[in-house]
Amino acid sequence: MIEVFKLKKDEELWNGYVYSSSDTTFYHQLAWRDIIKDLYGFKPIYLVAKDRDAIRGILPMFLIKSRLFGMKLISIPFAPYGGVCADDELIERMLIEEAKKIADTYDVDYLELRGFKEFGLLADTRYYTFILKLERDHEVVWRRLSKKVRNSTRKAIKSGLRIEKDGSYLKDFYNVYSRNMHSLGTPTHSLRFFKKVLRKFSEKTDLVVVRYGDEVVAGAILLRFKDTVISGWAGSLRSYLKFCPNNMMYWTIIRDACKDGYKYFDFGRSLANSGTFRFKIAWAAEPIRLNYQFYTSNYVPDTSMQNPKRRKFAEFWRKIPYPIANAFGHVLRRYFP
């Protein structure tokens, strides 16, 4: 039986399924629902497939309404992957068919499912995430890295950079991250968003920053889920790239993850053949294709930076002085889910 997840008493069942299923992701956790609902006001529509009192499959979605940008149903916004997870293909299909009915009921512009599997829908397959297999002995991983990565990492270590793992640097990280996003022409989440992530997932997140002298020049918010450490959000100041702070940061993260017994490190999403795509390939990470699939009338929405309209907006956003862009960026961020 497919139903909309509502009951408070079933929250333990939902999260229990999230931790027991091999297909679920960090973003399937109910705390992610709470963050998105509280900060952006999107309507969560979480489907469950139940067999008596046992959950056999889940599909979390958010209904996003905008007078300017229309209406859409997404699983899951502000996340690289999410989508349907089920014990078998029959339950998978049932959940997707129910999602289609809901999309038709609300007359949305499109339903978008972000994940790894293919379901025969229209798809955008230009995005990849990058998974590095870890070892107990981090030296084994070190030897897999390209010569360029190893040399840049050695240079970073000799440059006087220092690593700190401390949540008290959140404002410093946010300054780096928001400036980085502004240079890319993308509005960023508010500082409040990151505060909520670190608070809601206090046992599953870390904030890592790279300092040069007294200044934070790079940083990342790490998400820990099952046997994987994920780079959730990361950025660096361009004026310090000559010191290779990203190399210092990622190698420290990878080394520590190996020591802590994690099996994988997820570098995060990149568009195919982009600069970050090539950077992650050099770390011997395996590119895993993401399938962004759409239930729509006859077109695949292009929300990537390759969209001409998106490129024009990026050019416009970069020209806005950073203090103004940062003050209003979180207002516009809701329209880039």
Side-chain angles (χ1 to χ4, degrees), residues 35 39-40 77-80 152-153 155-156 159-199 205-223 230-253 267-271 274-280 303-307 310-337:
I35 292 170
L39 283 181
Y40 291 103
F78 308 122
S152 295
T153 303
K155 177 181 177 180
S159 297
L161 299 172
R162 299 197 312 278
I163 294 285
E164 302 277 355
K165 186 182 288 187
D166 189 337
S168 66
Y169 285 104
L170 180 58
K171 287 185 179 180
D172 301 279
F173 162 79
Y174 186 72
N175 176 62
V176 172
Y177 179 77
S178 58
R179 287 181 181 278
N180 190 236
M181 295 299 286
H182 180 246
S183 69
L184 295 173
T186 301
T188 186
H189 294 291
S190 64
L191 177 61
R192 186 172 168 230
F193 171 85
F194 294 107
K195 285 181 177 178
K196 274 188 170 286
V197 170
L198 294 177
R199 185 169 64 251
T205 53
D206 285 307
L207 174 61
V208 176
V209 297
V210 182
R211 295 175 59 193
Y212 185 79
D214 293 331
E215 186 170 10
V216 171
V217 300
I221 291 180
L222 305 178
L223 314 174
I230 305 160
S231 177
W233 301 270
S236 57
L237 296 179
R238 292 193 172 189
S239 55
Y240 287 89
L241 290 182
K242 60 185 178 182
F243 297 117
C244 305
N246 290 323
N247 287 72
M248 176 84 160
M249 179 173 70
Y250 281 116
W251 174 243
T252 302
I253 291 168
F267 276 89
R269 187 184 77 164
S270 289
L271 192 63
S274 63
T276 56
F277 181 99
R278 292 188 290 272
F279 174 82
K280 294 167 186 178
T303 58
S304 75
M305 290 295 289
Q306 293 182 343
N307 184 327
R310 181 67 183 85
R311 286 203 300 268
K312 287 182 179 179
F313 175 85
E315 291 172 6
F316 161 76
W317 193 252
R318 279 192 287 263
K319 292 177 182 177
I320 297 176
Y322 167 74
I324 298 174
N326 195 46
F328 295 98
H330 68 279
V331 178
L332 291 178
R333 188 66 178 89
R334 65 184 294 113
Y335 303 119
F336 298 85

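Side chains of Ile163 and Arg211 form no contact here, defined as non-hydrogen atoms less than 4.5 Å apart. Looking at heavy atoms from C-beta onward, Val209 lies out of side-chain contact with Asp166 at the 4.5 angstrom threshold. Between Pro187 and Met181, the closest side-chain pair of non-hydrogen atoms is not below 4.5 Å. Side-chain contact check for Leu241 versus Ser236: some heavy-atom pair is nearer than 4.5 Å.
Within a 6.0 Å sphere centred on OH of Tyr322, other residues, nucleotides and ligands contribute more than 12 heavy atoms.
Lys280 places a side-chain N or O within donor-acceptor distance of the main-chain N or O of Gly268, the cut-off being under 3.5 Å. A distance-only check finds a donor-acceptor pair linking the side chain of His182 to the backbone of Trp317 [under 3.5 Å]. Using modelled atom types, one side-chain atom of Lys155 and one backbone atom of Lys242 make a donor-acceptor pair closer than 3.5 Å. In this structure, Lys196 contributes its side chain and Leu191 its backbone to no donor-acceptor pair below 3.5 Å. Side-chain atoms of Thr252 come within 3.5 Å of backbone atoms of Met248 as a donor-acceptor pair (strictly under, hydrogens ignored).
Residues Tyr169 and Phe173 place their aromatic rings such that the two centres sit no closer than 6.0 Å. In this structure, Phe336 has its ring center closer than 6.0 angstrom to the ring center of Phe313. For Trp233 and Tyr174, the gap between ring centers reaches or exceeds 6.0 Å.
Side-chain atoms of Arg318 and Thr186 form no donor-acceptor pair, as typed in the model, at a separation below 3.5 Å. Remark: the Arg311 side chain and the Asn307 side chain contain no N/O donor-acceptor pair separated by less than 3.5 Å.
Summarising the geometry, atom CZ belonging to Arg192 is positioned 11.0 Å from atom CD1 belonging to Ile35; distances are rounded to the nearest 0.5 Å. Within the model, atoms CZ of Phe243 and OG of Ser159 stand 6.0 Å from one another, a figure rounded to the nearest 0.5 Å. To the nearest 0.5 Å, atom OG1 of residue Thr188 and atom CG of residue Asn180 are 9.5 Å apart. With values rounded to the nearest 0.5 angstrom, Leu222 atom CG is found 8.0 Å from Leu207 atom CG. Rounding to the nearest 0.5 Å places CZ of Phe279 at 8.5 Å from OG of Ser152. Interatomic distance, Asn326 CG to Asn175 CG, rounded to the nearest 0.5 Å: 8.0 Å.
Summarising the geometry of Gly232 relative to Leu223, their closest heavy-atom pair is CA-CD1, 4.1 Å, with the distance given to 0.1 Å. Minimum heavy-atom separation, Val210 to Leu161: CG1-CB, 3.9 Å. Nearest heavy-atom pair, Val216 versus Leu237, reported as atom, atom and distance to 0.1 Å: O-CD1, 3.8 Å.
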Can Phe277 and Leu271 be said to form a side chain to side chain contact (heavy atoms under 4.5 Å, CB included), step by step?
CA-CA 7 Å; Phe277 181 99; Leu271 192 63; over 6 Å; no
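No cation-pi contact links Arg162 to Tyr212, judged by a cut-off of 6.0 Å to the six-membered ring centre and 45° from its axis.
Legend: residues meeting ring-ring contact (aromatic ring centres under 6.0 Å, His included) with Tyr335, ordered by chain and number and at least two apart, are Phe69. Residues passing the ring-ring contact (aromatic ring centres under 6.0 Å, His included) test with Tyr40 are Phe42, Phe78, His189, sequence neighbours excluded.
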